[in-house]
Amino acid sequence: MHSSPLLADLNAAQLEAVAAPPGHYLILAGAGSGKTRVLTHRLAWLVAEQGLWPHSILAVTFTNKAAAQMRSRVESLLEQPSQGLWIGTFHGLANRLLRLHHDEAGLPREFQVLDADDQQRLVRRTIREANLDDKRFEPRFGTWLINAWKDDGLRPDQIDAGRDPHGQHWIDIYRAYQQACQRGGLVDFGELLLRSYELLAEHPALLAHYQRRFAHLLVDEFQDTNKIQYQWLKRLAGDSGQLFAVGDDDQSIYSWRGAQVANMQHFREDFAEVKIIRLEQNYRSTEIILQAANHLIAHNGDRLGKDLWTEHKGGEPIQLYAAYNENDEARYVIGRIEQWRSHGERLDQSAILYRSNALSRVLEQALVEAKIPYRIYGGLRFFERAEIKDTLAWLRLLNNPDDDPAFERALAQPPRGVGEKSLEKLRAMARERGVSLMRVAADPALRANLTGKPRSGLTEFVAIIDELREGVSERVLAEQVEAVLEHSGLRAAVAALEPREAEARGENLNELIAMANSYRVPEEDEAMGELAAFLTQASLDAGDSQAAKHADAVQLMTLHSAKGLEFPLVFIVGMEEGLFPNQRAMEEGPQQLEEERRLAYVGMTRAEKQLVLSYAESRRWRGGAAYNAPSRFIRELPGRCVSEVRPKVQLTRPSAFGAASSSKPLNTSPVKLGGNVRHPRFGEGVIVQAYGQGDHARVQVNFDDHGMKELVLAFSKLEFL
DNA sequence: CGCAGCACCTTTTTT
DNA sequence: AGGTGCTGCG
C-alpha cells in the first residue's frame with residue numbers, strides 16, 4: 001500500500017505512527033522500540049510524502065545532542081538540508097523566539113543566558129542585599145524555589161505566600177532577583193521558557209503568526225516535560241497545530257526537576273481525539289534482559305501499561321556479583337571487561353552505570369591500573385570549569401558592560417586587591433544611582449571613594465577592559481579570547497599553578513581558543529554579533545561534544561545520563577539499599593521509590609546482550625564504612641533470569657534472593673573474604689578473593705605493606721586473625 | 001585584603 | 001573522601 005522508502009522496514013505500530021493521518025498522537029514508545037526512528041521518519045514523511053514545508057514543522061527535544069541527531073537523521077532521510085525546519089531543545093527554541101522578538105519580550109538584543117552557578121550567586125547576593133540571613137534563607141533553596149515557580153509559570157505577583165512567614169520574604173527575593181536580572185540583561189534557564197511563553201501569550205499577532213506557521217509539532221521524551229513546557233507547546237499548537245508526542249512513562253526519571261508524567265494524561269484531556277499508539281516491540285535487548293526489566297517495572301503502580309517483547313529469544317542470563325567490597329567489585333568488572341576485549345569486542349561497546357557520581361572513583365582507579373581506556377560522562381562540564389568561566393566572565397563584560405555577575409567574577413579573577421569591602425561600596429553606589437557596577441567603576445569621580453590598593457586595582461581593571469574593548473573590532477573571536485587571556489592576567493595565573501594543574505587548566509584554555517576558532521555564527525543569530533552569539537552558545541551548550549573523543553574506551557556514566565543510549569555489555573554497580581534506591585528516596589516514600597525503580601528499568605534496558613549487576617557487602621562511603629543490604633531491585637528480578645557469580649570457595653554469604661535470613665550451612669573454612677590474615681613474610685593483610693577448593697585453593701590477599709599477593713592456601717603459612 | 005586552615009554536607013542533570 | 005564556604009590571622 002505504501003511505496004515510500006521511508007516506510008520500509010517499519011513494523012506495524014511504527015508504520016501506523018509514521019504515516020498517521022492528521023490529528024494528535026501520543027506514541028507510547030518503550031525502551032528500544034525505535035522511538036527516534038519513528039520521530040525522524042514521521043518528520044521526513046511529512047515533508048517528502050505530504051509535501052509539507054520543513055518551515056511548518058517544529059521538533060523539540062531535551063538535549064542538544066538529541067536535537068543534532070534528529071536533524072542529521074532527517075537530512076539524510078530527505079537527502080537535503082532541512083532549511084527552515086525548527087529543531088532544537090525547549091531552551092534553544094525559546095532562546096530563538098526571544099532573540100527574534102527581543103523588543104516585544106522586553107529584553108536587550110544581546111541578553112545573556114545565566115547558568116545555574118551564576119544564578120545561585122545572584123540569588124545569594126539578592127538575599128544579602130535584602131538584609132536577610134543566608135543561613136535561614138539558603139541560596140540553594142531559593143534558587144530551587146525560583147526555578148520551581150518559573151517552571152510552574154508563576155510570577156511573584158501570582159504567588160500566594162501562604163501561612164509560612166518566610167513565604168513573603170521568598171517572594172520578595174524572587175522579585176528582587178528578577179529585577180537584578182532585568183537590569184543586567186540576564187536570563188536564567190527557567191526564564192527562557194517562561195518569558196517566551198509570556199511573549200506568545202501577550203502578543204496575539206505574534207502567536208497567530210507562529211500558530212499559522214507550525215502546522216506540526218513533534219516532541220521527544222514527552223514524559224520529561226514540565227508544566228511550562230507543556231503550556232508552551234499547547235499555546236503554540238493552538239487550535240490548528242497537530243501534536244505528535246513520543247514518550248514512555250516508565251522512563252520518567254526527572255520528576256525531581258519538575259518533569260510531570262501527568263502531562264501525558266493532560267495531553268489526552270486537553271486535545272481533541274488524541275490517538276494512542278504503543279510501540280512495544282523491542283529491538284535492543286535479549287528476551288532474558290527484557291523479561292527481567294518487565295518484571296521489575298511491574299512492581300510499580302500507576303503505569304499507563306505496556307509490555308515489551310522481542311524476537312531475540314533467550315540470551316545470556318543476567319549476572320549478579322556479590323563483591324566483598326568496592327575494590328573487589330571494581331576488580332570483577334574489570335576482569336569481565338578484559339574478557340570481553342579478549343573475545344575481540346570493542347571497549348566502547350561496554351558501559352559501567354552507577355546511581356551517583358561518587359561511585360565512579362574506584363572504578364576509574366582500577367581502570368587506570370589495568371590500563372584500560374575509559375571515558376567518563378558527567379562531572380563538571382567544560383563550560384563550568386573555573387578557568388573557563390573566568391575567561392567567559394571577561395568576555396561577557398566586553399560584550400555587555402552592565403553584566404554585574406560577570407563584572408564581579410572578572411574583577412576577582414585574577415585577584416587585584418579589590419575585595420569584598422570595596423565591592424560592597426561599589427554595589428552601594430550602583431544601587432543608589434540605579435546603574436551597573438561597571439558604570440560606577442568607570443567613573444573616576446566615584447572611584448575616588450576608594451583608597452589605596454582597592455582604588456589602584458580597580459583603576460587598573462577598568463583600564464584593561466577599556467584597552468580590550470578598543471581592540472575588539474579588529475580582532476576575530478579567537479583573537480579576542482587570546483587578548484583577554486593575555487591582558488587580564490588569567491593565562492599567567494593559570495600558568496603559576498602547580499605544574500599538574502597548570503597543564504590541565506592551560507589545555508582547557510587552549511581548547512576554548514580552539515572552539516572560538518572553529519565557531520561559526522548560526523544563521524539565526526547573525527544579528528547578534530560573533531561574541532554575543534558565542535557566549536550564548538556557551539551557556540546553552542554543555543560543551544561536551546568537543547570532548548567526544550573517538551577512542552575505543554569503556555563508557556562510565558550515571559544511570560540518568562545513560563538514558564537514550566545502548567550497549568551490548570552493561571554493568572550496573574552499587575546495587576545496594578541506600579545507594580540504589582538511594583537513602584533519600586527510601587525516606588521520602590513510595591513515589592520516589594518508584595522513580596528509583598524506573599531508573600533501574602532504564603539502566604537494565606540499556607543492555608543489548610549481557611547485563612551484569614553487582615553490589616558490595618561493605619563499602620567505603622563518605623569516609624566511613626557502609627554495610628548495605630543488596631538492593632531490593634535485585635530481589636524484584638525473576639530468579640530464572642539471574643545467575644549468581646560467586647567465588648568457587650565455600651563462603652558465608654547470604655544469597656541476595658529470597659529471605660535473607662534463611663538458614664545457611666555454617667561455614668567451617670577459615671577463609672572469609674574480608675578476613676584479616678598474617679603472613680610470616682608479608683605481614684598483615686585482607687583476603688579479597690578466593691579460588692578453588694581443597695589443596696588447590698588459593699587466596700588473593702591485599703597486604704598492608706606488600707600489596708596484592710596470590711597464595712596457595714595449602715603452602716602459605718597464613719594465620720587467620 | 002588575601003590566604004590558610006577548619007567545619008560542613010553530601011543524588012540524579014539539562015538547559 | 002572531597003569539595004565548598006566561612007573564620008581568623010598576617
Side-chain angles (χ1 to χ4, degrees), chain A residues 60-67 88-95 113-121 124 134-135 138-140 147 150-151 187-193 221 224-226 228-229 252-259 326 353-362 365 377-381 383-384 386 412 414-424 450-457 536-544 557-564 574 578-588 592 595-596 598-600 602-603 619-626:
Chain A
V60 206
T61 62
F62 274 85
T63 66
N64 290 304
K65 197 166 134 202
T89 62
F90 277 101
H91 294 87
L93 296 174
N95 174 60
V113 180
L114 216 52
D115 74 16
D117 209 49
D118 293 336
Q119 185 189 17
Q120 190 168 310
R121 276 171 219 274
R124 167 173 286 127
D134 63 7
K135 289 263 168 28
E138 282 179 46
R140 242 169 81 100
N147 287 337
K150 289 188 176 183
D151 283 350
V187 170
D188 62 48
F189 289 125
E191 186 71 15
L192 282 171
L193 298 172
E221 306 277 17
D224 287 339
T225 50
N226 63 29
I228 193 71
Q229 287 164 334
S252 158
I253 54 177
Y254 285 109
S255 75
W256 51 273
R257 64 172 200 220
E326 74 280 3
L353 312 182
Y354 33 80
R355 178 63 179 85
S356 79
N357 281 312
L359 292 183
S360 70
R361 193 162 235 105
V362 205
Q365 263 171 20
Y377 291 78
L380 55 153
R381 296 167 180 286
F383 287 118
E384 285 169 4
R416 33 175 54 79
V418 191
E420 191 52 36
K421 270 272 157 48
S422 314
L423 193 53
E424 192 41 59
L450 302 179
T451 53
K453 211 165 166 211
R455 181 156 75 187
S456 58
T536 299
Q537 133 129 9
S539 46
L540 284 175
D541 184 10
D544 51 6
M557 66 192 87
T558 63
L559 288 152
H560 281 90
S561 39
K563 191 166 75 153
L579 288 183
F580 188 32
N582 80 19
Q583 196 59 42
R584 186 95 62 121
M586 290 164 58
E587 284 157 12
E588 282 174 4
Q592 274 60 38
E595 181 143 319
E596 295 285 300
R598 289 192 293 271
L599 195 52
V602 166
R619 180 183 294 280
R620 231 159 262 288
W621 186 242
R622 293 184 186 165

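Residue numbers start from 1 in every chain, and the chains themselves are labelled A, B, ... in the order their sequence lines are given, proteins ahead of strands.
Note: CG (A:Asp151) to P (B:dT15) measures 15 Å, nearest angstrom. Regarding A:Leu353, its CG atom lies at a distance of 12 Å from the P atom of B:dT13, rounded to whole Å. Taking atom CZ on A:Arg140 and atom C1' on B:dT12, their separation rounds to 12 Å, with Å as the unit. At whole-Å resolution of the value, CG in A:Leu540 and C1' in B:dT13 are 15 Å apart. The distance between atom CZ of A:Arg257 and atom P of B:dT11, rounded to the nearest whole Å, is 16 Å. Between the CZ atom of A:Arg361 and the P atom of B:dT10 there is a distance of 18 Å, rounded to whole Å. Spacing between atom CG of A:Asp117 and atom P of B:dT13 amounts to 16 Å, rounded to whole angstrom units. The distance from atom CH2 of A:Trp621 to atom P of C:dA1 is 13 Å, rounded to the nearest whole Å.
In terms of heavy-atom proximity, A:Glu326 sits nearest to A:Arg619 at OE1-CA, 3.2 Å.
The A:His91 side chain lies nearest to B:dT15 when the options are B:dT11, B:dG2, B:dT15. Counting only heavy atoms from C-beta on, A:Tyr254 has its side chain closest to B:dT13 among B:dT15, B:dT12, B:dT13. Distance from the side chain of A:Ala116 is smallest for B:dT15 among the nucleotides B:dT13, B:dT15, B:dG2. Side-chain proximity of A:Thr558 to the nucleotides B:dT15, B:dT11, B:dT13 is greatest for B:dT13. Minimum atom distance to the side chain of A:Asn64 is reached by B:dT15, of the listed B:dT11, B:dT15, B:dT13.
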Passes side-chain contact (heavy atoms from CB on, under 4.5 Å), A:Leu114 versus A:Glu191? Steps please. CA-CA 10 Å; A:Leu114 216 52; A:Glu191 186 71 15; over 6 Å; no
Under the salt bridge (charged side-chain N to carboxylate O under 4.0 Å, His left out) criterion, do A:Glu587 and A:Arg584 qualify, and how do the steps go? CA-CA 5 Å; A:Glu587 284 157 12; A:Arg584 186 95 62 121; 5.9 Å; no
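No more than 12 heavy atoms of other residues, nucleotides or ligands lie within 6.0 Å of CZ in A:Arg620, so this atom counts as exposed by the packing criterion.
The aromatic rings of A:Trp256 and A:His560 stand perpendicular to each other, their planes meeting at an angle above 60°, with 30° marking the opposite boundary.
Where stacking is scored as ring centres under 5.5 Å apart with planes under 30°, A:Trp256 registers as stacked on the base of B:dT12.
A:Phe90 comes within 4.0 angstrom of no nucleic acid atom, judged by non-hydrogen atoms across all strands. Heavy atoms of A:Arg355 sit under 4.0 angstrom from at least one base atom. Nucleic acid contact for A:Asp224: none, since no nucleic acid atom lies under 4.0 Å from a heavy atom of the residue.
Phosphate contact (OP1/OP2 of B:dT13, side-chain N/O of A:Asn357, threshold under 4.0 Å): present.
Mapping A:Lys65 and A:Glu595 onto DNA chain B via the closest heavy atom, the residue that lands nearer the 5' end is A:Glu595. Nearest-nucleotide mapping onto DNA chain B: of A:Met557 and A:Leu423, the residue sitting toward the 5' end is A:Leu423.
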